[in-house]
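If you read the sequence from its start, that first residue is 1, and numbering goes on from there. We count ligands from 1, going down the list as the structure has it; atoms in each ligand are counted the same way.
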Amino acid sequence: MAKIVFVLNGPNLNLLGTREPQTYGRATLKDVETLTRAAAASHQLKVEFRQSNHEGELVDWIHEAQAKGAAGIVLNAGAYTHTSVALRDAVAGVSVPVIEVHISNIFAREEFRHVSHIAPVAKGTLCGFGIAGYGLAISGLAAILDAKG
Ligand code: CA2
């Protein structure tokens, strides 16, 4: 049976493609989903793709990924990246490898975006590659899973 990867998107990412194209590009979240599914299929992985504006729902989904035996999580926690100890604890509390993704280069932006509560507990972090970062995260995860055997 194909392994499942949860791809979780945080607050306001449902607005992708509608505003701030200079920062986030013109692709919509649906485009991100299509790209992610194609990248996953090329590694024989299946995708559970979700977005929420609610911190607790994202925490629940991280727990669900563990409970359902997901092979990995790709997480763009949006602004919760910079504020949420609850999300950090959720990531630290599961054994599923988590790859943190950001569309923009958070280190080239405002200082408050330079801090990620997720990065220290993530398996890896990618930022600044636009939506291509989601595909790169899937490839990185596939390499980790292959190495594990
Ligand atoms: O670069 C990223 O992927 C971010 O996670 C996006 C978050 C931001 O708070 C993080 O610092 C970096 C914001 C997502 C909101 O996206 C919008 C897209 C279009 C219009 C409005 C918001």
Side-chain angles (χ1 to χ4, degrees), residues 3-43 45-66 68 70-145:
K3 292 177 179 167
I4 296 209
V5 176
F6 276 49
V7 180
L8 304 179
N9 296 279
N12 298 308
L13 284 158
N14 53 313
L15 298 176
L16 265 187
T18 64
R19 286 193 300 119
E20 303 189 49
Q22 67 289 353
T23 307
Y24 300 116
R26 294 195 183 277
T28 64
L29 194 61
K30 194 70 205 164
D31 296 328
V32 176
E33 179 174 354
T34 302
L35 176 159
T36 304
R37 287 192 189 284
S42 75
H43 295 284
L45 296 168
K46 282 183 69 178
V47 166
E48 183 65 41
F49 192 92
R50 300 184 189 171
Q51 186 274 332
S52 178
N53 293 322
H54 305 280
E55 189 176 15
E57 191 163 36
L58 291 161
V59 170
D60 286 344
W61 288 346
I62 291 166
H63 297 171
E64 184 186 332
Q66 168 88 20
K68 291 196 168 150
I73 299 173
V74 173
L75 175 64
N76 184 346
Y80 287 142
T81 303
H82 319 297
T83 63
S84 178
V85 175
L87 272 178
R88 176 198 165 114
D89 287 350
V91 171
V94 295
S95 55
V96 184
V98 175
I99 311 294
E100 177 190 19
V101 174
H102 299 285
I103 295 166
S104 63
N105 179 355
I106 56 174
F107 302 104
R109 300 182 63 191
E110 304 95 323
E111 213 162 303
F112 67 85
R113 293 186 205 273
H114 298 181
V115 172
S116 167
H117 290 299
I118 309 298
V121 290
K123 189 80 185 168
T125 295
L126 277 157
C127 75
F129 292 96
I131 68 164
Y134 284 76
L136 297 171
I138 294 283
S139 297
L141 196 52
I144 289 168
L145 296 174

A.B. asks: Test I144 against I99 for side chain to side chain contact (heavy atoms under 4.5 Å, CB included), laying out the working first.
C.D. replies: CA-CA 11 Å; I144 289 168; I99 311 294; 4.1 Å; yes
A.B. asks: Distance check, rounded to the nearest 0.5 Å: E100 atom CD versus I106 atom CD1?
C.D. replies: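 Taking CD in E100 and CD1 in I106, the distance rounds to 5.5 Å.
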A.B. asks: Tell me every residue that passes side-chain contact (heavy atoms from CB on, under 4.5 Å) with V47, counting only those two or more places apart in sequence or in another chain.
C.D. replies: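 In terms of side-chain contact (heavy atoms from CB on, under 4.5 Å), with neighbours along the sequence ignored, V47 is linked to V7, T36, R37, A40, F49.
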A.B. asks: May I have a table of the N/O to N/O pairs between ligand 1 and the protein that fall below 3.5 Å, each row giving the two atom names and the distance to 0.1 Å?
C.D. replies:
residue	atom	partner	partner atom	Å
ligand 1	1 (O)	I103	N	3.2
ligand 1	1 (O)	S104	N	2.8
ligand 1	1 (O)	S104	OG	2.6
ligand 1	3 (O)	N76	ND2	2.9
ligand 1	3 (O)	I103	N	2.7
ligand 1	5 (O)	N76	OD1	2.8
ligand 1	5 (O)	H102	ND1	2.9
ligand 1	9 (O)	A79	N	3.4
ligand 1	9 (O)	R113	NH1	2.9
ligand 1	11 (O)	H82	NE2	2.7
ligand 1	11 (O)	R113	NH1	2.8

A.B. asks: Which is it for L87 and V59 under the side chain to side chain contact (heavy atoms under 4.5 Å, CB included) test, yes or no, and what are the steps along the way?
C.D. replies: CA-CA 6 Å; L87 272 178; V59 170; 4.0 Å; yes
A.B. asks: Can you tell me how far apart NZ (K30) and CG (L16) are? Round to the nearest 0.5 Å.
C.D. replies: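 One gets 13.5 Å once the value is rounded to the nearest 0.5 Å.
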A.B. asks: Nearest 0.5 Å, please: how far is CD1 in I103 from CG in L13?
C.D. replies: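 The CG atom of L13 sits 5.5 Å away from the CD1 atom of I103.
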